[in-house]
Protein chains: 2
Amino acid sequence: MAYDPSAFEPFAVTVDLVVLTIRDDELCVLTVERGEEPYAGRRALPGGFVLPDEDLETAALRELAEETGLTATDVHLEQLRTYGAPARDPRMRVVSVAHLALAPDLPTPQAGTDAAAASWVPVSSVGPLAFDHDEVLRDGLERARAKLEYSPLATAFCPPEFTIGELRRVYEVVWGVSLDPRNFHRKATATPGFLVATGERTNRQGGRPAELFRRGEAIALLPPMNRPAPHS
Amino acid sequence: MAYDPSAFEPFAVTVDLVVLTIRDDELCVLTVERGEEPYAGRRALPGGFVLPDEDLETAALRELAEETGLTATDVHLEQLRTYGAPARDPRMRVVSVAHLALAPDLPTPQAGTDAAAASWVPVSSVGPLAFDHDEVLRDGLERARAKLEYSPLATAFCPPEFTIGELRRVYEVVWGVSLDPRNFHRKATATPGFLVATGERTNRQGGRPAELFRRGEAIALLPPMNRPAPHS
DNA sequence: GATTGTTTTCGTCGTAATGACGATAAGCCT
DNA sequence: AGGCTTATCGTCATTACGACGAAAACAATC
């Protein structure tokens, strides 16, 4: 980095959030409704400015807490991609560091200060969003779908203890496919480090009571889960 | 994004580059030597400010051309990650959008304007770099190694036409393993869309002449290449 | 209380993919 | 010619995977 002070130009830096959860067997994204121009009335991804002394991830966590009341212990958060097209915001030069957050379906309503405008929208029926947020959402969905294959990230959509059936539902909803329960059970339990049995059982799904599992310590899934071609 | 003008604070936005190539069977990264404080005398990743009307990728390509003379048609370029710790640059608040570039080993010396200070360093012996560039390089290497598994990206290290043996060397050098030539040949030629035979042969490797291939149209490798545990 | 329905969980079976390795081909060098 | 190198084709045993059958263990209903 050869800094030439004469070349320095100020940019605004923001974080935008793609927050995904599963509600009623549908993949949903958190959106806010814009009140001001540009794109007044449109839905947009939540986000805001990075404060002068704030880390990028800290800013993302702060925005996440403001919109949903979720904290770092509740959600998986990772940086997604940075969007910086010169005209992406007509008012000024804004570079936005998008983050991807995956949260379980909390029974808690969306607490938080300005949560009034925030709402979950199924990704299948989310209209055109403000700014370049359609592209951001598309990239976030792609990342989430890909990461389910080779990481234990699907557990981020589940409560701390969950059944294999609930985990399978996550894969089915996020990928938009239907998976064989028997093969999925075999694969999930055979993948080392993916799941830890608790020894307890639950029958909250109806049917035969299922064993409860916790997330294992594995960072990556070996072998990975195989994603079939879409369409159930 | 609820813009509150009072919260707006100017940031400097830069692009940093992790440019990788393979020279003499070693994975090398492009570095520049810093002349000024901070970190004067240290090596650093090439990079520079994003211009006021410039896209992020355009800025990365411009810096790449300035340092190496390489153009978009020669290299693979993708965004890597954004680094924005408040104190990562002691002079001012700098947010850096790091990019990963993979280039074939061009016989052309590093042309370009200020290429004098730029040089290839084997990643195995690269000392501590300036700023947080050690972390950036680590992330770039991890990304490159992972992408060789499920994308045809290894071809970015090769000339337009290459042999299976040359391609295998890429995998071996980047992953730091040794692969069975027979199994690799079977897998590479069987993966649909990975390689296109040209019909021509070359004996530039010594030994029996090998068929020349071009990169296929596949975006992803199905099934992926399998990375064995390190240590050859 | 027997039946129906649901979900879980354990097996089976044929096919495909994979790793280990033998063998041959086709050039170069001495 | 003989040896060395790399490329390419094949074999074989093991494993992974997709498609199913079947039993287990509950709830709801007749």
Side-chain angles (χ1 to χ4, degrees), chain A residues 25 148-150 158 161-173 175 177-213 218 220-232, chain B residues 25 148-150 158 161-173 175 177-213 218 220-232:
Chain A
D25 285 350
L148 289 206
E149 295 189 45
Y150 56 90
C158 296
E161 300 196 343
F162 51 89
T163 69
I164 307 257
E166 291 168 339
L167 185 65
R168 178 169 47 84
R169 276 298 168 87
V170 170
Y171 278 89
E172 292 181 327
V173 168
W175 283 349
V177 300
S178 76
L179 300 172
D180 185 287
R182 298 156 291 188
N183 291 336
F184 184 88
H185 186 279
R186 175 181 54 182
K187 183 78 175 280
T189 53
T191 301
F194 192 9
L195 303 178
V196 178
T198 65
E200 296 177 41
R201 315 193 148 270
T202 181
N203 59 346
R204 62 185 174 217
Q205 305 293 306
R208 171 174 169 178
E211 189 165 10
L212 281 170
F213 290 85
L221 264 32
L222 290 165
M225 293 283 164
N226 282 344
R227 164 157 50 154
H231 184 273
S232 60
Chain B
D25 284 350
L148 289 206
E149 296 189 45
Y150 57 89
C158 297
E161 301 197 343
F162 51 88
T163 70
I164 307 257
E166 292 167 338
L167 185 65
R168 177 169 48 83
R169 275 299 168 87
V170 170
Y171 278 90
E172 292 181 327
V173 167
W175 283 349
V177 300
S178 76
L179 300 172
D180 185 288
R182 299 157 291 188
N183 291 337
F184 184 88
H185 187 278
R186 174 181 54 183
K187 182 79 174 276
T189 53
T191 301
F194 192 9
L195 303 177
V196 178
T198 66
E200 296 178 41
R201 314 194 148 269
T202 181
N203 59 348
R204 61 184 175 218
Q205 305 293 306
R208 172 175 167 177
E211 189 165 11
L212 282 170
F213 290 84
L221 299 184
L222 290 165
M225 293 282 163
N226 283 344
R227 165 157 51 155
H231 184 273
S232 61

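Chain A is the first sequence line, chain B the second, and so forth, proteins listed ahead of strands; every chain is numbered from 1.
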| Pairwise distance CG(A:Leu222) to OG1(A:Thr191) - rounded to 0.5 angstrom | 8.5 Å

| query | Does CZ in B:Arg168 sit with more than 12 non-hydrogen atoms of other residues, nucleotides or ligands closer than 6.0 Å? | reply | yes

| Tell me: CG of A:Asn226 to C1' of C:dA16, nearest whole Å? | 12 Å

| message | What's A:Arg168 touching, base or sugar-phosphate or nothing? Going by heavy atoms closer than 4.0 Å. | response | sugar-phosphate

| Spatial distance of atom NZ (A:Lys187) from atom CZ (A:Phe194) [nearest 0.5 Å] | 10.0 Å

| said: Without decimals, in angstroms, what is the distance between B:Leu222 CG and C:dA16 P? | reply: 17 Å

| request: Would you give the length of the straight line joining atom CG of B:Leu167 to atom NE2 of B:His185, rounded to the nearest 0.5 angstrom? | output: 11.0 Å

| request: May I have the distance from B:Arg182 (atom CZ) to C:dA23 (atom P), rounded to whole angstrom? | output: 11 Å

| field | Listed partners of A:Tyr150 passing ring pair (Phe, Tyr, Trp, His ring centres under 6.0 Å), at least two apart | value | none

| message | Reading DNA chain D in the 5' to 3' direction, which nucleotide is the first one with an atom under 4.0 Å from a heavy atom of chain B, and which is the last? | response | D:dT5 to D:dT11

| request: Would you kindly give the CD1-to-C1' distance between A:Ile164 and C:dT9, to the nearest whole Å? | output: 10 Å

| query | Taking atom types as they are modelled, is there a donor-acceptor pair under 3.5 Å from the base of C:dG19 to the side chain of B:Arg186? | reply | yes

| request: Answer whether the closest heavy-atom distance between the side chains of B:Phe184 and B:Met225 falls below 4.5 Å. | output: yes

| What is the nucleic acid contact for B:Arg204, judged by heavy atoms within less than 4.0 Å: base, sugar-phosphate only, or nothing? | nothing

| field | Sugar-phosphate only, base, or nothing, as touched by B:Asp180 at under 4.0 Å among non-hydrogen atoms | value | base

| field | N-O pairing of B:Arg169 and B:Glu172 below 4.0 Å | value | yes

| said: Base, sugar-phosphate or nothing for B:Asn183? Non-hydrogen atoms, less than 4.0 Å. | reply: base

| What integer distance in Å separates B:His185:NE2 from C:dC21:C1'? | 17 Å

| message | For a quick check, tell me whether the side chain of A:Arg208 and the base of C:dT7 share a donor-acceptor pair closer than 3.5 Å. | response | no

